[in-house]
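Quick one: this structure, given as structure tokens, is what I'll be asking you about.
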Protein chains: 2
Amino acid sequence: MEERLNRVKQQLQQSSYKLTPQREATLRVLIENEKDHLSAEDVYLKVKDKAPEIGLATVYRTLELLAELKVVDKINFGDGVSRFDLRKEGAKHFHHHLVCMECGKVEEIEEDLLPKVEEKVEHDFNFRITDHRLTFHGVCSDCQSKGK
Amino acid sequence: MEERLNRVKQQLQQSSYKLTPQREATLRVLIENEKDHLSAEDVYLKVKDKAPEIGLATVYRTLELLAELKVVDKINFGDGVSRFDLRKEGAKHFHHHLVCMECGKVEEIEEDLLPKVEEKVEHDFNFRITDHRLTFHGVCSDCQSKGK
DNA sequence: GTTACTGCAAATAATTTGCAGAACT
DNA sequence: AGTTCTGCAAATTATTTGCAGTAAC
């Protein structure tokens, strides 16, 4: 946790940004809820528990900043809300998601499934890929067994 | 064009919906701009040219209805706007997109690149896939040559 | 001391909803 | 007649921005 914060701190300072208490609190929430896919509002509420004086606008600004630095990825599952997902340290690409259409659960796939596909796309379309978003919609295993 | 409208009309009627003049005008705009990725507002403006009395709320309601029937797919490229993309007739899955981070251009990939990946995911995660969203971020060939 | 950062409130933007009337079956 | 559909205006929701004060280097 602490090492991770420090690395982000260095990243911030390299771009002459500061790791303020508000930003630190926001980062801690993101790290503690790494497996979730929190909206800005969700993050705000959790940060407020620790630092009640923080404003929602600051959370938005911090999340935007972290997205710029590629510390988090911003993703949208189709409800009108942006969600923020901590990027695995050192990961070149954003991980993939499985969204269950029945219960809404979101699972993560860490393994990069796309290298071959990306090779083909870069070649066929002469497009230099820097990142991707891959989300599968379907029915999770729990809902499959329930649904019978 | 007309056959295509008729097929959607039948789809609507199967679910006891009607193909009203407003819905038809909206569909025509979508078909005429098949290669674009129009927002609800974009669609509204284009429909208004033909049928000035139509309301924005009706366009939203129509697009939502068409998404439900899988005539269009709703997609979000990260700006805060939903875009609506006509699904190729008979296509089982949503096609893929290349979004250029420099100029914002969006290209489509019709070929389904994911059957092998999906097989693996269904097996490894016991997840029944019904659809997917795959978008690549990067630099298109035009911007690559300009950028030199 | 200067520049970056924050909280608050107000502004903006996208989308949804309530409702009374119109249209289709 | 009964239901579905529409336009309008108002409401809601998510996000952004202006600004005056605060904190960090």
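In what follows, chains carry the letters A, B, and so on, assigned in the order in which the sequence lines appear, proteins first and then strands, with residues in each chain numbered from 1.
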Sugar-phosphate only, base, or nothing, as touched by B:Arg23 at under 4.0 Å among non-hydrogen atoms: sugar-phosphate
Closest nucleotide among C:dT25, C:dT15, D:dA24 to the B:Lys18 side chain: C:dT25
Atom-pair distance (OH on A:Tyr60; P on D:dG18), nearest Å: 17 Å
B:Lys9 atom NZ: more than 12 heavy-atom contacts under 6.0 Å: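 Result for NZ/B:Lys9: open.
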A:Phe84 CZ - D:dA14 P separation (whole Å):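 Atom-to-atom, A:Phe84 to D:dA14, this comes out as 13 Å.
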Sugar-phosphate only, base, or nothing, as touched by A:Ser82 at under 4.0 Å among non-hydrogen atoms: sugar-phosphate
Value in whole Å for how far the C1' atom of D:dT13 lies from OH of A:Tyr44: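 Computing the A:Tyr44:OH to D:dT13:C1' distance gives 15 Å.
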Check: B:His95 ring centroid to B:His97 ring centroid under 6.0 Å: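 Yes, they do, as the ring centres are separated by less than 6.0 Å.
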d(CG, B:Leu63; C1', D:dT6) in whole Å: 15 Å
Most 5' of B:Arg83 and B:Gln13 on DNA chain C, judged by nearest nucleotide: B:Arg83
Nearest-Å distance for atom pair CG/C1', residues A:Asn76 and D:dT13: 14 Å
Value in whole Å for how far the P atom of D:dG7 lies from CZ of B:Arg61: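 Computing the B:Arg61:CZ to D:dG7:P distance gives 8 Å.
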Sugar-phosphate, base or nothing in reach of A:Glu41, heavy atoms under 4.0 Å: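 It contacts nothing in the nucleic acid.
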Any B:Thr20 side-chain nitrogen or oxygen under 4.0 Å from OP1 or OP2 of D:dT6: yes
Contact nearer the 5' end of DNA chain C, comparing A:Leu65 with B:Val81: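 The residue mapped nearer the 5' terminus is A:Leu65.
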Nearest-Å distance for atom pair CD/C1', residues B:Gln22 and C:dA23: 9 Å
Carboxylate-amine/guanidinium proximity below 4.0 Å for A:Asp36 and A:Lys46: no
Pairwise 5' ranking along DNA chain D for B:Ala57 and B:Tyr17, keeping only the more 5' one: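 Checking each residue's closest nucleotide, the 5'-ward one belongs to B:Tyr17.
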salt_bridge(B:Arg83, B:Asp79) N-O dist < 4.0 Å: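 Yes, B:Arg83 and B:Asp79 are salt-bridged.
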Test of ring centre spacing under 6.0 Å for B:His37 and B:Phe84: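 No, too far apart.
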Atom-to-atom span, CG of B:Leu56 to P of D:dC5 - whole angstrom: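 Rounding to the nearest Å, CG of B:Leu56 and P of D:dC5 are 18 Å apart.
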